[in-house]
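First comes the structure, then the notes that go with it.
Per chain, numbering begins at 1; letters A, B, ... match sequence-line order.
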Amino acid sequence: MPNEAGDAYGLTALCPIKIGDDQKCSFASLTRAYLQQMQETRADEDSPMASVPNTYLCRFFVLDNVNYQGKPAVLDSLKSPYLVFVAELHGDRDTYLEGMWKRAEPMIREVWKHCVGFGSVVTAEHFVNYIVRCQVETTLYFNGSTDDPLREQLKALYLQQEFSKFAFASTRKSAEDLQRDFRSFVARTRPHDVARPTWRAGASDLANVVVSGDESENS
Amino acid sequence: MSNIAGKAFAMNLITPIERKQVKWNKVAFWLLTPSKPRNFLNWFTKRLGPRFDFAAKLNGLITLSMIHYARWVIVKPEEWPHLGTEQPREDPAYAYQLFFSNFNGSWAQYVDSFSAGIPEGLDGLWNKNVGWPTSVPQGPFHDYVRHNEVWTNYYYSAYPMAASNDIKSSKRLRNELLDFIDRSEKMGAKEFQREYHKLLSSLQGNPNPDFTAEEKFPCLGQMAPTPIVSLASVAVRRARVEIRSVEEVHDAE
């Protein structure tokens with residue numbers, strides 16, 4: 001399957017936006033304005049996408065039209081604007097989309113509300129079917145990262161950060177102290193436990209990045 | 001608009017291809033995708049000369065090591081989604097190649113790395129796209145990318161403080177650490193210290209040419225936000241500062 005690179009999945013959906021306006025602004029502009037407002041008012045860890053399991057990275061943009069390449073190219077154009085949704089995710093597409101509906105339904109309703117045919121989407125199953133109808137198949141997918149579940153990636157990043165701190169702080173310790181402190185480090189960081197402590201999905205600040213042992217994390 | 005989510009930069013490039021060219025470009029992309037039959041075919045074509053060594057053309061992408069994920073999607077005129085009578089059916093003159101990349105670094109670093117690192121591969125990937133100027137010289141190539149790039153309106157990364165290399169190296173660190181925890185459980189203090197130092201040495205990376213690319217790469221280091229973490233975070237901080245100043249004015253009154 002060209003949409004997949006190992007367990008990583010590249011989802012591309014071109015969702016047609018209705019032609020028309022709300023008497024002040026075109027539906028395409030309203031969609032764009034909502035997306036930009038979402039970007040400008042919420043930190044990454046507060047993004048609705050941070051609660052959607054297994055989202056590595058994702059983006060939305062409005063494609064108004066294609067560009068003219070100049071003579072001798074033909075002047076080409078699209079008949080509808082499109083909401084383009086591009087996600088890099090782990091695992092199965094349908095499970096991912098169901099999880100997205102479950103965790104981010106209010107955002108989905110706002111983002112897609114001006115898209116053709118979205119009015120009849122009222123359940124997770126409808127949403128999956130809708131995105132599948134809008135999906136275009138990847139021709140070549142390149143994975144320059146890993147295809148592990150997001151929880152494992154975040155746990156590994158947490159451990160890298162914590163173990164680096166531990167190593168720098170332990171350079172001149174006696175063998176006995178080193179062994180004792182390493183055991184405390186393992187008890188605190190729980191390297192086998194991917195759930196916690198770990199890194200918070202979407203966190204862009206060292207002060208907020210660690211999910212402690214008492215908190216639960218969705219992704 | 002935002003093309004930045006921490007250390008990740010989103011690029012969207014949409015370029016036209018002549019309809020008759022699509023099947024040939026799809027074959028070229030197929031040859032670049034690793035799989036057993038394709039590996040066999042690549043083994044065969046490689047013997048025809050470097051020009052036909054299709055798989056090697058992507059090697060530079062791996063060496064560049066600044067990409068999280070990237071994809072090429074060729075959309076034929078009849079493949080634009082059509083969801084009913086409310087939407088006019090598309091009938092563009094060209095097929096379109098959609099390129100989406102998530103990379104680390106700035107736009108210029110990325111575009112120039114491609115152009116300098118894999119110029120031939122780049123010309124192959126955009127083979128006969130309408131208006132494609134070739135990847136060298138860089139001036140016309142930059143102009144072409146700028147002209148066809150579409151800005152992202154919302155971009156999210158699950159790990160804004162991590163680069164693609166951090167994700168890969170942290171996986172290796174966790175695996176080695178888990179192995180060390182199991183191995184060291186019954187060790188005495190002196191043996192533990194010796195093995196711990198071996199672990200650190202291995203995780204610091206080894207530039208020896210006999211080591212694999214993974215083993216050469218250092219796995220220890222501290223991640224931190226980039227100077228501008230993301231447009232979103234900057235906006236949130238600005239809003240918080242504004243709210244605080246308004247509250248302070250009210251308190252003073």
I'd like to verify something: which residue of [options] has the highest number of heavy-atom pairs under 4.5 Å with chain A?
| options | result |
| --- | --- |
| Ala224(B), Gly188(B), Ser184(B), Ala163(B) | Gly188(B) |
| Asp166(B), Leu177(B), Ile74(B), Leu83(B) | Leu83(B) |
| Tyr155(B), Phe103(B), Tyr144(B) | Tyr155(B) |
| Tyr159(B), Tyr196(B), Tyr69(B) | Tyr69(B) |
| Gly221(B), Gly131(B), Gly84(B) | Gly221(B) |
| Glu191(B), Glu86(B), His68(B) | His68(B) |

Legend entry - Matching residue for Gln161(A) among Leu206(A), Thr189(A), Val210(A) - test: side-chain contact (heavy atoms from CB on, under 4.5 Å):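 The side-chain contact (heavy atoms from CB on, under 4.5 Å) with Gln161(A) is passed solely by Leu206(A) among Leu206(A), Thr189(A), Val210(A).
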Interchain contact, [X] with chain A, by part (heavy-atom threshold 4.5 Å):
| X | result |
| --- | --- |
| Ala162(B) | side chain |
| Glu79(B) | backbone |
| Asn12(B) | both |

Inset, instruction - Would you tell me whether Gln69(A) and Asn148(B) have side-chain atoms, one donor and one acceptor, within less than 3.5 Å of each other? - result: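 The criterion, which ignores hydrogens and geometry beyond distance, is satisfied for Asn148(B) and Gln69(A).
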Inset, instruction - Against chain B, work out which of Ser47(A), Gly117(A), Cys58(A) has the most heavy-atom pairs shorter than 4.5 Å and name it. - result: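 The residue among Ser47(A), Gly117(A), Cys58(A) with the greatest pair count is Cys58(A).
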Inset, instruction - Check whether any side-chain heavy atom of Val194(A) sits under 4.5 Å from a side-chain heavy atom of Thr198(A), and report yes or no. - result: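 SC-SC contact between Val194(A) and Thr198(A) ruled out.
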Inset, instruction - Name the orientation class of the two ring planes belonging to Phe99(B) and Phe114(B) (parallel below 30°, tilted from 30 to 60°, perpendicular beyond 60°). - result: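 Ring orientation of Phe99(B) relative to Phe114(B): perpendicular.
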Inset, instruction - Sequence neighbours left out, what passes side chain to side chain contact (heavy atoms under 4.5 Å, CB included) with Ser170(B)? Give chain and number order. - result: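 Once residues adjacent in sequence are excluded, the partners of Ser170(B) under the side chain to side chain contact (heavy atoms under 4.5 Å, CB included) criterion are Ala156(A), Leu157(A), Gln160(A).
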